[in-house]
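Structure first, commentary second.
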Amino acid sequence: MSKVENLERILEAFGPHLHDAPYGGWRADRVIDKVVPTHCPYCAVQCGMNLLVENNHVVGFEPRYDFPVNEGRLCPKGVTAYLQIHHPDRLLHPLIKRNGIFERASWDEALDLVVSKFKELQSKHGKDSIGVYSGSSLTTEKTYLMGKFARAGLGTRYIDYNGRLCMVSAAAGNNKAFGIDRAANPWDDIPLAEVLLIAGSNCAETFPVLNKFLWQQRDNGGRWIIVDPRETPTARQGDLHLQLKPGTDVSLANGMLHVLIEENLIDESFISTRTNGWEETKALAARYSPQVAAEITGVPAEKIVRAAQIYGRAKTSMVLHARGIEHHSHGVNNVLSYINLVLATGSIGAPGRGYGTITGQGNGQGGREHGQKADQLPGQRSITNPEHRKHVCEVWGLPEEELPQAGVSVVEMFQKMREGEIRGLLSICNNVMVSLPDTNEVRRSLEGLDFYVCLDFFMSEGSRYADVVLPGSTWSEDEGVTANSEGRVVKINKAADPPGEARADWWIIQEIARRMGREKYFAFDDPLAIFNEMRVASRGGNADYYGITWEKIEKQNGVFWPCPSLDHPGTPRLFEDRFYHPDGKAKFHAVEYEPPQETPDEEFPLILTSGRVVYQYLSGNQTRRIGFLVEQCPEPYVEIHPETAMKLKVNDGERVRVVSRRGNGVFPALVVKTIRRDTIFIPYHWGEDLAVNQLTNPALDPISRIPEFKACAARIEKIHSRQLPILGEKRKGVSRSEFR
Ligand code: SF4
């Protein structure tokens, strides 16, 4: 065992005592030969951090005080992020499954097999028989490459990305209301707002360092209105908590709009000069009196009135929202109903007045800008728009007739796998057996594939089903850009080479394309070459990166897009003068309340909702391996209100079976007063029989195609101790011991 491996093991073992050291990383006898400024790989705060490198090994981190967003702060995930880089579970060689066992293979063997299988499937079943499922933890260069790889490399229409499970309702709502998909304000504006309306976001846990701005706002005398079915750590800090029934946001927002109109708290001048669609929306709001909204949401009418008064009377205010309102079969309408409040009060386009979407994945924003969405081309262009298609084909040098048409969302792609239309799949940086809804059906999809290639740096519950596993790079082993939740483009820098025979992701993808005979379109020497082509491809689009260079990013500590020319400084605050619809105006949308696809009944009397905890990140494939984080939150649990628990005769800590129409799972009960009596909550970072997504409903929003993770009907059953499953290793990440 090398010295560094030994030290990493010590750090793993002493994870809980990391705070004893001044900074992360072992200090004794260490000779740091490189300090690399970069950003955290996890959420879209994209906190700055310095990685400490000794002999091509990342051995620790130091705070990066120069990055204005976090000014040195990091959350528990951030301070332990570097421990994944040389983790013993890293994939070090390509793997080919033979007789059900993964065996080590050379790169030539693995890539040749991938290419021959893809060619065989496409010659038998057509180009669209291969699907590509990409991710938003990748740099934006890689997301651009993935879109080009699917369309110009494989010629398939079927590509989508895991932001489909995250931000697409916000994206669709933003596009419909504002004509562009980006948060309206830099976070510097948050402390200037008298009132924050935070809907469906437990940002204290899921976006921890954002709290810097929230607490500054509080220090300035600001107030918070929190909308959430759970009294989360965020809600506990709020001035007013609207604890609504999951999935009833449209009714709540319409009720607030009703009060704003009744009490003349709207901005008539802004509405008449800068918006369309007001009269219809006003007429609709008239039907949602506070009493009607209270009946639907379960929030007392007087609280709805009070919330509207606090929000409407503030001179400055901002609305922030996240998955709590977006993960619904009416997620886009939920988003639009809150945007109606912003537009009705004219509180947008000025310091402390605006609107923001709280992104989940590190590059959730950048990942939905440059063409890896099923319906999108680079620059937030549309694949169905002839002008947009022409522009991108010219940049790529691709004949227009070769550019495929729009595909479908990832949930629908998995349906097509079960139906046999998609026969082969390439996935990168995602863990489908944890993160997709209805995982029993997902398993059927994977088992039905003729060929599955998984590119990642750890094995996962999903990659177990692969035929070939290609070892890729962590964020610290490559360079490129990401866009944080504000739309600020930041630079990720390379600290060390990938270990063993692992390779940079962009090299692997390009190599497959080249071996498919498409080298003409994939002649990139490095990520900078990809970035420069992407700048040109995005030029003139909404997400215009043409004026952004890596040097400008470093110099300015981030550049906000759109940035249309090299002498342009970027655009931190949108909508000061105009919105992005052709007439320059924003649009109201009159949205009616519709219930979730499943509502409680006699058989399934509870509403199951899901979400995240501070110590784990998304599918958990990175964080479930880090000792400190596992100790803090080793397994999922089900939150139950004490009165509900009493009715069911369930004790705190007792393992119970949670059942929905799609499956069941066993979880320890966490009896808490902080949840509604009719609602239960399970965090989602685990796989197999610990996955809440065995239970969730794959019903999709008709516009964004996001699944309804946040509301399905469920029941709780008591179980006898002899029926209890054995847990153990399932709590952790999938290890390398599964293959030879
Ligand atoms: Fe990383 Fe987000 Fe935590 Fe910052 S807040 S350290 S970006 S996980």
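These figures come from a predicted structure and were not determined experimentally. Counting convention: from 1, in listed order, for ligands and their atoms alike.
- Protein N/O/S atoms closer than 2.8 Å to atom 1 (Fe) of ligand 1, listed by chain and residue number, are C40 SG.
- Ring geometry for F681 against Y637 counts as tilted: the plane angle lies between 30° and 60°, on a 0 to 90° scale.
- A side-chain donor-acceptor contact under 3.5 Å links R218 to the backbone of Q237.
- Within the 3.5 Å criterion, the main-chain N or O of N185 finds no donor-acceptor partner in the side chain of D189.
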Check your understanding: Under the salt bridge (Lys or Arg N to Asp or Glu O under 4.0 Å) criterion, do D160 and K373 qualify, and how do the steps go?
Key -> CA-CA 5 Å; D160 205 34; K373 281 174 85 171; over 6 Å; no
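- With hydrogens and angles disregarded, a donor-acceptor distance shorter than 3.5 Å links the side chain of N693 to the backbone of V434.
- Partners of F667 by ring pair (Phe, Tyr, Trp, His ring centres under 6.0 Å), not counting sequence neighbours: none found.
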